[in-house]
Asker: 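This is the structure, below, for whatever I ask next.
First listed ligand is number 1; within each ligand, the first listed atom is number 1. Atom set for the values below is all heavy atoms of this structure, side chains included, hydrogens, waters and symmetry mates excluded.
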Amino acid sequence: MSALSSALPDFPWDLLEPAKAIAAAHPDGIVDLSVGTPVDPVPQAVRQALADASDAPGYPLTAGTPRLRAAIAGWLARACGASGEFGVLPTIGSKELVAWLPTLLGVGPGDVVVIPSVCYPTYEMGAKLAGAEVIRADSLTAIGPDRRVKLIWINSPSNPTGKVLPTDHLRKVVDWGRERGVVVVSDECYLSLGWDTNPVSVLSDEVTGGDYTGVLAVHSLSKRSNLAGYRAGFVGGDPALIRELLAVRKHAGMIVPAPVQAAMVAALDDEAHVAEQRARYAARRDILRTALTKAGFEISQSEAGLYLWSTRDEDCWATVDALARRGILAAPGAFYGPAAAKHVRIALTATDERVAAAAGRLADW
Ligand SMILES: Cc1ncc(COP(=O)(O)O)c(C=O)c1O
């Protein structure tokens, strides 16, 4: 038996432990801006829905309850501007789907998965778990005529760069995929966090015209609704692809727990808490952006999403170390691809008190 883990790299966050230890030794405590894990409360209505559904002795539906399916469909229509007939499926957070999607869709050895040149590492892990090869490319011309390509990931707003893909770019990728029978998957888990630009969903009528053939959009409630701890995500798009995913996931036991399904309905049916959370992140973003700029950082892209993609034009590990000595933990660009070796990713996910502490420390740079 060969160890599957041997095909995978070290878990990136383990490599950050030495810097974390340095930052944690700061007399006023660490300001952890590395992982991007939400710190604000779960909305009360969502907690109530979870509690109300806690008497759940039976197996839940892999496809989701009719109520959840309707809530997802309604949200995709409203927030993504999708007016056609699409399929929907809840997922156990979106990371598991990202990691297993190539496998679930039958992508395997000899096939190629295209991922952005600088991106969330799990796209590559998913390809590796399936035994497929990865090409990093940001433009269709960079991919070339490789007939082995079976799936292309796009991510807008991007983690880590905060870049937003314009409508015409999305349309070109969808057309390109359809011409070649390549599945186009758009990870849109930061869609509700546009700052300087309004992010567009791949499911929007402007992109697909209501025809979702070969197209999937992956969403998450982790950041939008502070539900990272609940593991609540979903995917929508091509009904045939969704049927295929459901068929395999039923066999594999990839089921969202019933109380979480109920909590997802409450989260999807409410936008007030989303606006409230957005306002918290907007304020933290302003403070951190100003402090970083004054400390000599350049902020690249970052027009949307949960991060400030920052550089001091030096190796990212040197920047991580310099920040750690000031008690601030950032994520090195190297986690996100070879083209990102001079950037660090600064998350907006810390309390107001910790963000103020970070700004104070940056002022003494
Ligand atoms: C681009 C992207 N996709 C997917 C995920 C996974 O999120 P979750 O599994 O919490 O839904 C993350 C988490 O940070 C992310 O940044």
Side-chain angles (χ1 to χ4, degrees), residues 11-13 16 32-40 42 46 64 72 75 88-102 104 113-127 129 136 138 151-165 184-194 199 201-202 216-236 249 254 256-257 260-261 263-264 267-268 274 277 281 301-309 330-333 335-337 340 343-350:
F11 191 60
W13 297 108
L16 202 55
D32 191 344
L33 306 178
S34 61
V35 175
T37 192
V39 295
D40 300 300
V42 172
V46 177
I72 294 173
W75 186 85
V88 299
L89 191 61
T91 61
I92 313 158
S94 60
K95 182 168 179 164
E96 63 92 351
L97 183 73
V98 173
W100 292 107
L101 189 70
L104 295 172
V113 174
V114 178
I115 65 174
S117 65
V118 174
C119 66
Y120 180 55
T122 311
Y123 306 131
E124 183 174 12
M125 296 315 115
L129 286 170
R136 289 181 183 265
D138 296 325
L151 190 150
I152 178 167
W153 278 105
I154 48 178
N155 173 216
S156 172
S158 156
N159 169 16
T161 70
K163 186 174 174 204
V164 171
L165 297 176
V184 174
V185 194
S186 178
D187 181 347
E188 306 181 344
C189 66
Y190 300 101
L191 196 76
S192 62
L193 295 171
S201 168
V202 77
L216 293 172
V218 173
H219 286 272
S220 169
L221 298 180
S222 292
K223 311 293 164 57
R224 173 189 177 274
S225 303
N226 298 335
L227 290 190
Y230 283 42
R231 312 310 301 131
F234 54 94
V235 54
R249 290 172 67 87
M254 294 169 145
V256 176
V260 174
Q261 293 198 26
M264 288 174 73
L268 286 163
V274 182
Q277 189 56 42
Y281 286 138
Q301 299 165 329
S302 307
E303 66 246 33
L306 204 52
Y307 311 100
L308 290 167
W309 187 232
F335 283 5
Y336 305 95
H343 276 78
V344 295
R345 193 194 75 169
I346 311 271
L348 307 178
T349 50

Asker: Can you tell if the side chain of Asn159 reaches within under 4.5 Å of the side chain of Arg345, non-hydrogen atoms only?
Answerer: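 Contact flag for Asn159/Arg345 side chains = yes.
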Asker: Flag the pair Tyr120 / Trp153 as yes when their ring centroid distance falls below 6.0 Å, and as no otherwise.
Answerer: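 Between Trp153 and Tyr120, which both carry aromatic rings, the centre distance is not below 6.0 Å.
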Asker: Under the 3.5 angstrom rule, does the side chain of Ser156 hit a backbone N or O of Leu165 as a donor-acceptor pair?
Answerer: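 Present.
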Asker: Arg231 side chain to Ser222 main-chain N or O, any donor-acceptor pair under 3.5 Å?
Answerer: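 Checking the backbone N and O of Ser222 against the side chain of Arg231, no donor-acceptor pair under 3.5 Å is found.
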Asker: One pair per line, please: each N/O atom of ligand 1 matched with every protein N/O atom under 3.5 Å away, atom names first, then the distance to 0.1 Å.
Answerer:
unit_1   : atom_1 : unit_2 : atom_2 : d
ligand 1 : 3 (N)  : Asp187 : OD2    : 2.5
ligand 1 : 7 (O)  : Ser94  : OG     : 3.3
ligand 1 : 9 (O)  : Ser94  : N      : 3.1
ligand 1 : 9 (O)  : Lys95  : N      : 2.8
ligand 1 : 9 (O)  : Arg231 : NH2    : 2.6
ligand 1 : 10 (O) : Ser222 : OG     : 2.5
ligand 1 : 10 (O) : Arg231 : NH1    : 3.1
ligand 1 : 11 (O) : Ser94  : N      : 2.8
ligand 1 : 11 (O) : Ser94  : OG     : 2.7
ligand 1 : 11 (O) : Ser220 : OG     : 2.6
ligand 1 : 11 (O) : Ser222 : OG     : 3.4
ligand 1 : 14 (O) : Tyr190 : OH     : 3.3
ligand 1 : 14 (O) : Lys223 : NZ     : 2.8
ligand 1 : 16 (O) : Asn159 : ND2    : 2.7
ligand 1 : 16 (O) : Tyr190 : OH     : 2.6

Asker: Who pairs with Cys189 by side chain to side chain contact (heavy atoms under 4.5 Å, CB included), at least two apart in sequence or on another chain?
Answerer: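 With neighbours one apart ignored, the set is Asp187, Ser220.
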Asker: Would you say Leu89 and Leu97 make side-chain contact, with heavy atoms under 4.5 Å?
Answerer: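 No, every pair of side-chain atoms sits at 4.5 Å or beyond.
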